[in-house]
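What follows is a single structure, written as structure tokens, with notes after it.
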Amino acid sequence: MDEAMREQVGRALGRIPSGCAIVTARSGEKCTGMLGSWVQQAGFEPPMISVAIRRGRPIEGLIEASGEFVINLLGEDPTAMFRHFGKGFELGQDAFAGLAVKEVACGIEIADQVARLSVRVRGRCEAGDHVIYVGEVVEASAKEAGRAYVHTRKSGWSY
């Protein structure tokens with residue numbers, strides 16, 4: 001792809017709207033969370049979602065081992081969660097230090113969210129530098145008020 005086309009592809013991809021969520025997973029005593037922006041509903045019956053995880057992220061191994069994860073959808077002002085999870089965490093680091101959290105089916109729920117979905121993996125797809133997990137929503141909660149954060153990017157070549 002020549003440079004001019006690469007620029008156009010990046011601009012077009014960046015205009016695809018997405019939300020932001022804190023994706024959490026646990027396996028045994030290990031747990032972590034990460035900021036995820038590629039989460040999408042993928043089916044009605046049963047309720048399914050997809051999430052793209054960059055290869056090599058610590059959470060990938062926990063999802064592979066447990067076969068489940070939690071999506072915590074962020075509200076309209078995600079600044080505090082961006083600051084907390086934006087730097088990333090290695091396994092063994094306490095990704096939830098200083099946050100109000102509780103264990104729920106399939107992972108960890110953070111208090112600072114507008115909705116939570118507990119998901120069991122039903123499939124995975126290799127997608128270049130990411131892995132796409134498709135899972136069935138087995139449990140969820142949503143707050144009475146609050147809208148989910150939605151954004152577009154300047155370029156589709158980076159988060």
Side-chain angles (χ1 to χ4, degrees), residues 13 16-144 146-151 153 156 158-159:
L13 286 172
I16 297 172
S18 65
C20 283
I22 304 305
V23 183
T24 70
R26 68 171 178 239
S27 180
E29 296 296 312
K30 295 178 183 175
C31 63
T32 197
M34 62 160 264
L35 182 61
S37 62
W38 295 342
V39 176
Q40 184 66 45
Q41 185 174 351
F44 292 123
E45 291 297 332
M48 304 284 284
I49 65 163
S50 63
V51 62
I53 306 289
R54 187 191 245 338
R55 256 183 231 294
R57 293 259 177 134
I59 200 168
E60 181 185 10
L62 298 181
I63 294 171
E64 290 290 330
S66 68
E68 53 191 29
F69 57 91
V70 169
I71 300 295
N72 293 274
L73 295 173
L74 298 179
E76 290 181 293
D77 183 8
T79 307
M81 291 295 102
F82 280 12
R83 268 194 222 115
H84 186 88
F85 285 97
K87 61 186 175 198
F89 293 94
E90 295 299 322
L91 285 181
Q93 289 183 294
D94 186 355
F96 308 107
L99 300 179
V101 299
K102 69 178 182 179
E103 290 204 23
V104 295
C106 305
I108 308 295
E109 176 182 285
I110 60 168
D112 192 6
Q113 43 80 0
V114 295
R116 186 254 315 152
L117 301 114
S118 294
V119 181
R120 294 228 168 88
V121 174
R122 297 294 182 236
R124 73 188 298 281
C125 175
E126 305 291 323
D129 57 357
H130 284 67
V131 175
I132 299 172
Y133 293 98
V134 177
E136 181 178 350
V137 177
V138 296
E139 186 181 290
S141 66
K143 296 186 175 167
E144 291 293 322
R147 296 171 51 104
Y149 173 77
V150 177
H151 74 116
R153 296 168 288 141
S158 64
Y159 299 115

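Please read these numbers as outputs of a predicted model, since none were measured by experiment.
Gly156 and Leu13 get closest at one heavy-atom pair: CA-CB, 3.6 Å. What you find for Cys20 and Leu35 is that their closest heavy atoms are CB-CD1, 4.3 Å. Closest approach of Cys31 to Phe96, counting heavy atoms only: SG-CE1, 3.8 Å. Residues Val104 and Ile108 approach most closely at CG2-C, 4.3 Å, considering heavy atoms. Contact detail for Thr32 and Ala95: the closest heavy-atom pair is OG1-CB, 3.8 Å. In plain terms, the two heavy atoms of Gly36 and Val23 that are nearest each other are CA-CG2, 4.4 Å.
If you take CZ on Arg122 and CD on Glu68, they are separated by 10.0 Å, rounding to the nearest 0.5 Å. The structure places CD1 of Ile71 at 9.0 Å from OG of Ser50, a figure rounded to the nearest 0.5 Å.
Side-chain atoms of Arg55 come within 3.5 Å of backbone N or O of Gly128 as a donor-acceptor pair. Judged by distance alone, the side chain of Ser27 and the main-chain N or O of Ala65 form no donor-acceptor pair under 3.5 Å.
A 4.5 Å side-chain heavy-atom check between Ser37 and His151 finds at least one atom pair inside the cut-off. Counting heavy atoms from C-beta on, the side chains of Ile22 and Leu74 come closer than 4.5 Å. At a threshold of 4.5 Å between non-hydrogen side-chain atoms, the residues Tyr133 and Glu60 count as touching. In this structure, Leu91 and Leu62 have side chains that are in contact, with non-hydrogen atoms separated by less than 4.5 Å.
The residue from Ile53, Val121, Thr24 that alone fulfils the side chain to side chain contact (heavy atoms under 4.5 Å, CB included) condition with Phe69 is Val121.
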Problem - Residues Leu117, Leu73; criterion side chain to side chain contact (heavy atoms under 4.5 Å, CB included); working and verdict - result: CA-CA 8 Å; Leu117 301 114; Leu73 295 173; 4.1 Å; yes
Practice task
Decide side chain to side chain contact (heavy atoms under 4.5 Å, CB included) for Met34 and Arg54; before the verdict, give the C-alpha distance in whole Å, the side-chain angles of both, and the deciding distance to 0.1 Å.
Solution key: CA-CA 11 Å; Met34 62 160 264; Arg54 187 191 245 338; over 6 Å; no
Practice task
Apply side chain to side chain contact (heavy atoms under 4.5 Å, CB included) to Val119 and Cys106, showing your working.
Solution key: CA-CA 6 Å; Val119 181; Cys106 305; 5.8 Å; no
Handout entry: Full working for side chain to side chain contact (heavy atoms under 4.5 Å, CB included) between Ile110 and Met81
Key = CA-CA 10 Å; Ile110 60 168; Met81 291 295 102; 3.6 Å; yes
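Ring geometry, Tyr149 versus Phe82: the interplanar angle exceeds 60°, so the pair is classed perpendicular (tilted spans 30 to 60°).
Atom CD of Glu90 has 12 or fewer neighbouring heavy atoms from other residues, nucleotides or ligands inside a 6.0 Å radius. Heavy atoms from other residues, nucleotides or ligands lying under 6.0 Å from NZ of Lys30 number 12 at most. Atom CD of Gln93 has more than 12 neighbouring heavy atoms from other residues, nucleotides or ligands inside a 6.0 Å radius.
We find that Arg120 and Glu136 are not joined by a salt bridge, their nearest charged nitrogen and carboxylate oxygen being 4.0 Å or further apart.
Glu139 pairs by the side-chain hydrogen bond (donor to acceptor under 3.5 Å, both in side chains) definition with Arg116, not counting sequence neighbours.
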